[in-house]
Structure formats: structure tokens, C-alpha cells
Amino acid sequence: MASIFSPLTKNIGIDLGTSTTQVYVEGRGVILSEPSLVATDERNQKVVAIGRNAETLLARSPEVVKIHRPLVDGVIADYSVTCTLLNYILSKTFRTVRRMRVMLGVPAVASDVEKRAVLEALFRSGAKEAYLIETGAAAAIGSGLPVFDPLGNMIVDIGGGTTNIAVLSLGGIVVSESLRSGGQKLDAALKEYLRGTYAIVTDDATVEEMKVYNGSAVLPLEDRNYYFRGRSLDDGLEKEVSLKSSEIYEVMGRPLLKILELIRQALRETPPELAADIMEHGIVLTGGGSLLKGMDQLISQETGVPVTVAAEPETAVAKGAGMALRHRETLHSLVQGVQTIYKRRF
């Protein structure tokens, strides 16, 4: 009987990421985190697995099964597959609910056409109200930064497909930068290095583990070996290879340089009075990429600004989107609805 008297409208914040999708529900926190993957049977175009179930098929899927990544660089690449993913996410979030009010984070680089596609996918998936917020702003709110204060607050969100930077003050965005490069670019660089140097290919899970356990954004003090197995391009047989920490550090250097340049650009565009606040209080990192060993140290060394990693960096965007939804009237300058995106009244 308790469900009968529960609020009819549920506030939901979604981080629809290139690698992982996370859902925040007001009053419950982040309740879902699954890979942004959909597996279909190519013979009849039917969906066979979504999310974590699709990930298990990624390394050993038969030829008739195709794995789709509905988002590329943080924006929709396949509309119908994205709707399927959102339907799955929302159905897992609530079994029965009258109304769903959804706020979703989008990269600053997303065009109005891409934003419309996201809104339409949300409505098609069952949302009664839908709003968008820039990923950087959502990450700042989810990290607990005082965005309403007159001080300058700088957030750097390093996701799977995009890196988003925002400088906020007095409840608004002062500087916003976005780069279609993130953790997946690091993975791609490692795969290319393994193919070119060792003539070997391996699965995504191994590359991710290699990056997490032996990768570093700064020169490692201990040059450890990481042993893994892959398929040789010469004879097609499985063989074991070891990769040093120093090798991984050098390979990931080029993608990291692009992120560093974006941060420098954002700092150059920040008004002097807000830049002074950032120099004093520092930059906050969020996103899965912020967990790369030494990432905070690298950015601090290269910019001269103190850097800290948020307490829960991977869930900051979803949490911030949900929190912004509750305070959307106060945060009207950060929140975009259908009237803003479509430029007309509904």
C-alpha cells in the first residue's frame, strides 16, 4: 500500500556516457551503472542483450551477434539503439511509475540537432518531462562545488568519449570547453601500439585492466611488467606478452597532451578575478579518466594549479544532473528544456 501514496513523479538524473551509463534517483542515489552497449542478432535484427549482459558477449560473440555502441564521443550515433538502451535503463530503474522527470548530461560540444535527438529519445523512452544540462556543470554540482557563490569554480570531467571543462560562478557557466577525447582514446592508443610493436591484438577488458593497474599519467617510479595474453597477428595463435609501465606511460602521452591543452585554453579564457579563485582553491577532477594514476599530479605540474579528485568522480555527472533537476528553477541558466532547444513553445 505504501507505493500507492508515493509521489507520482520521479526525478531522475542520467549520465548517458560513451562507455558507461549511470542513473541517479532522487532520495535513492546512484542506483544503476551499466556499459552503454546493445547486442543484436543480425539475422532478425532483434535485441539479444543490453548493458552488462551485452558486455559479456563482447569478447566471444558469434558472427551473427553485433555489438552496438549507441553513443560515439558522447553524442548519439544510432538513434534507435539509443532508445533501446534508454528504455532498458528506465525500465530497470522503476517497474511502475506514472511520471518520470529526467535530466540528462550532454557535452558542451553537442549541437542543437544532437540535443534534439537526445530529448526525443528520452520522450520516446517514457519520460514525461526532459531537460538537458552540460556535463561539466552537472559534474560540478554532483561534486559539491559551491556553484552559487561569487567564487570561480573549475571542473574537469574526463569521460570515456569526451572531456568537458567548465568554470562556474554565481549559478552560471563562465567558460565551457569540450573535447571529443577521453578514456577510449587512451585505450585506442594502447591497442594501436600493441598491434604495431608486438603484432598482437587483445580484448577491451584486458586493455582497460592494463591501463588501470599499470598505467600512469606521470613517469612511474617503479617500471613494473604487466603480463597478458593476446592473439598474434603473425600466426593467429595465442601468446603471452609483457608490457612495462614506462611503455604505457609513453603511449598515453599524446592523448593526455590534448586534454592538458584544453585545460590551459580554459584557464586563458577565464576572467582574471575568477582565475585567482581557481589558483587558490584548485581544479576538481571527475569522470573515470580522473582515476588514472597520477592524473591530478600531471595537471597540477603542467598548469601550476592545485588539483584534487572528487570523492565519487565516476558518479558526479549523474548525481549532479539529478540534483539540478530538483533545483531547475534556481539553475535556469544551466538547464535546457524543449523550449530552449527547439526555439518554440510546445
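A salt bridge does not link E261 to K258: none of the charged side-chain nitrogens sits closer than 4.0 Å to a carboxylate oxygen. A salt bridge does not link K319 to D15: none of the charged side-chain nitrogens sits closer than 4.0 Å to a carboxylate oxygen. Using a 4.0 Å cut-off between charged nitrogen and carboxylate oxygen, R180 and E114 count as a salt-bridge pair.
Under 3.5 Å, the side chains of Y193 and E250 contain no donor-acceptor pair of N or O atoms. Donor-acceptor pairing under 3.5 Å is lacking for the side chains of E222 and S245. In the model, T163 has no side-chain atom that pairs as donor or acceptor with a side-chain atom of S181 under 3.5 Å. Between the side chains of T18 and Q184, no donor N or O sits under 3.5 Å from an acceptor N or O.
Scanning all heavy atoms of the two residues, the minimum distance from L292 to S216 falls at CD1-N, 4.1 Å. Closest approach of V317 and A139 over heavy atoms only: CG2-CB, 3.9 Å. In this structure, L85 and L37 approach most closely via the heavy-atom pair CD1-O, 4.3 Å. Closest approach of V251 to A189, counting heavy atoms only: CG1-O, 3.4 Å.
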Go through the steps to decide whether Q22 and S33 satisfy the test side chain to side chain donor-acceptor pair (under 3.5 Å), and finish with yes or no.
-> CA-CA 4 Å; Q22 296 176 330; S33 178; 3.3 Å; yes
For S242 and E240, what are the C-alpha separation, side-chain angles and deciding distance, and is it a side chain to side chain donor-acceptor pair (under 3.5 Å)?
-> CA-CA 7 Å; S242 67; E240 186 176 71; over 6 Å; no
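Side-chain atoms of S143 do not come within 3.5 Å of backbone N or O of L145 as any donor-acceptor pair.
Considering L325, I89, L90 in turn, L90 is the only one that fulfils the side-chain contact (heavy atoms from CB on, under 4.5 Å) rule with I12. Between T135 and the choices L104, T286, N164, the side-chain contact (heavy atoms from CB on, under 4.5 Å) rule is met once, by N164.
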